[in-house]
Amino acid sequence: MRELRLAIRHPADTLAAVMFFVLVAALFPFGVGPSPELLARLAPGVLLASALLAALLPLDRLFGAEAEDGSLDQLLLSGLHPAAISAVKALAHWITTGLPLVIATPLAAALLNLPVAAIPVAMAALALGSAILSLLGAAGAALTLGARRGGVLLPLLVLPLAIPVMIFGAAAIEAAASGLEARPFLLLEAAMLALAAPLAPLAAGAALRGD
């Protein structure tokens with residue numbers, strides 16, 4: 001609740017992520033041309049890439065502000081397990097960033113001429129993918145905390161790990177757009193989320209402790 005209250009008081013990060021996501025979808029047709037068939041074919045990859053990049057925007061401040069004012073040290077000294085702190089941070093990032101991106105997906109999909117039948121699958125793929133990125137991002141933010149150029153290092157750490165998310169998420173959307181079964185690709189994303197859910201907070205917690 002504390003994390004959500006802070007996000008409500010300072011909504012700029014959420015608005016910036018959603019606006020980045022929608023603007024990329026709006027500007028992309030100007031770069032590749034207005035052909036509906038071409039846009040529909042490229043839409044799955046564009047949606048995943050722009051959403052994951054948008055979700056990266058607030059990650060460098062996930063622990064940074066609290067580390068600067070000393071409240072992170074207070075949390076670590078309060079008896080809470082560092083992995084639990086990291087898990088709550090990742091969940092708050094998904095609620096305040098990933099979930100708004102999922103809600104904005106129909107608008108971005110319409111701008112890219114994605115078939116209406118594929119939009120629910122796109123929302124599901126982005127929900128799973130953004131959740132995985134929130135977990136990976138929490139681990140990356142903890143690892144780069146205090147680094148001189150942590151904002152530059154963070155994407156370099158997180159984005160390579162997010163490549164499978166891109167592959168399976170885009171494949172699910174493309175399958176749905178083609179009238180094929182998207183469930184296997186969504187299940188692979190869900191399996192990745194199940195793997196990241198326990199491991200990423202443990203890695204982030206170890207980084208916060210300095211292990």
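Residue pairs meeting the side-chain hydrogen bond (donor to acceptor under 3.5 Å, both in side chains) criterion with at least one partner in residues 122-143, sequence neighbours excluded, are His93-Ser134, Trp94-Ser130.
Taken together through direct or relayed side-chain contacts under 4.5 Å among Ile, Leu, Val, Met, Phe, Trp and Tyr, Leu107 and Val18 form part of one hydrophobic cluster. If you chain together hydrophobic residues whose side chains sit under 4.5 Å apart, Leu57 and Leu27 never meet in one group. Residue Phe28 is not grouped with residue Phe30 when hydrophobic side chains (ILVMFWY) are merged at heavy-atom distances under 4.5 angstrom, including chains of intermediate members. Using a 4.5 Å cut-off between side-chain heavy atoms of Ile, Leu, Val, Met, Phe, Trp and Tyr, with links allowed through other members, Ile173 and Leu38 fall into the same hydrophobic cluster. Under the 4.5 Å side-chain heavy-atom criterion for grouping Ile, Leu, Val, Met, Phe, Trp and Tyr, Leu99 is not connected to Val88 through any hydrophobic cluster.
Side-chain atoms of Leu159 and Leu53, non-hydrogen and from C-beta on, do get closer than 4.5 Å to each other. No side-chain heavy atom of Leu101 sits less than 4.5 Å from a side-chain heavy atom of Thr105. Residues Leu39 and Val32 form a side-chain contact, since some pair of their non-hydrogen atoms from C-beta on lies under 4.5 Å apart.
Shortest non-hydrogen contact noted between Leu111 and Ala25 is CB-O, 4.0 Å. Among all heavy-atom pairs drawn from Ala204 and Ser86, the shortest one is CB-OG, 3.3 Å. Closest of all the heavy-atom pairs between Leu52 and Gly129 is CD2-O, 4.0 Å. When all heavy atoms of Ala104 and Val22 are compared, the pair lying nearest together is CB-CG2, 4.2 Å. For the pair Ala141 and Leu154, the tightest heavy-atom approach, listed with the atom from each and the gap, is N-CD1, 3.4 Å. Residue Ala118 comes nearest to Ala177 through the heavy atom pair CB-N, 3.7 Å, listed as atom of the first residue, atom of the second, then distance.
A distance of 12.5 Å separates CE of Met166 from CD1 of Ile132, quoted to the nearest 0.5 Å. Rounded to the nearest 0.5 Å, atoms OG1 (Thr97) and CG (Leu56) are 10.5 Å apart. Of the inter-residue distances, the one linking Leu186 atom CG with Glu181 atom CD reads 8.5 Å to the nearest 0.5 angstrom. For the atom pair CG (Leu195) and CG (Leu199), the distance works out to 5.0 Å, reported to the nearest 0.5 Å. Interatomic distance, CG of Leu143 versus CG of Leu208, reported as 9.0 Å (0.5 Å rounding). The distance from atom CG of Leu128 to atom CZ of Phe185, rounded to the nearest 0.5 Å, is 14.0 Å.
A distance-only check finds a donor-acceptor pair linking the side chain of Ser50 to the backbone of Leu47 [under 3.5 Å].
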Side chain to side chain contact (heavy atoms under 4.5 Å, CB included) assessment of Val158 paired with Leu133: CA-CA 8 Å; Val158 174; Leu133 187 72; 3.3 Å; yes
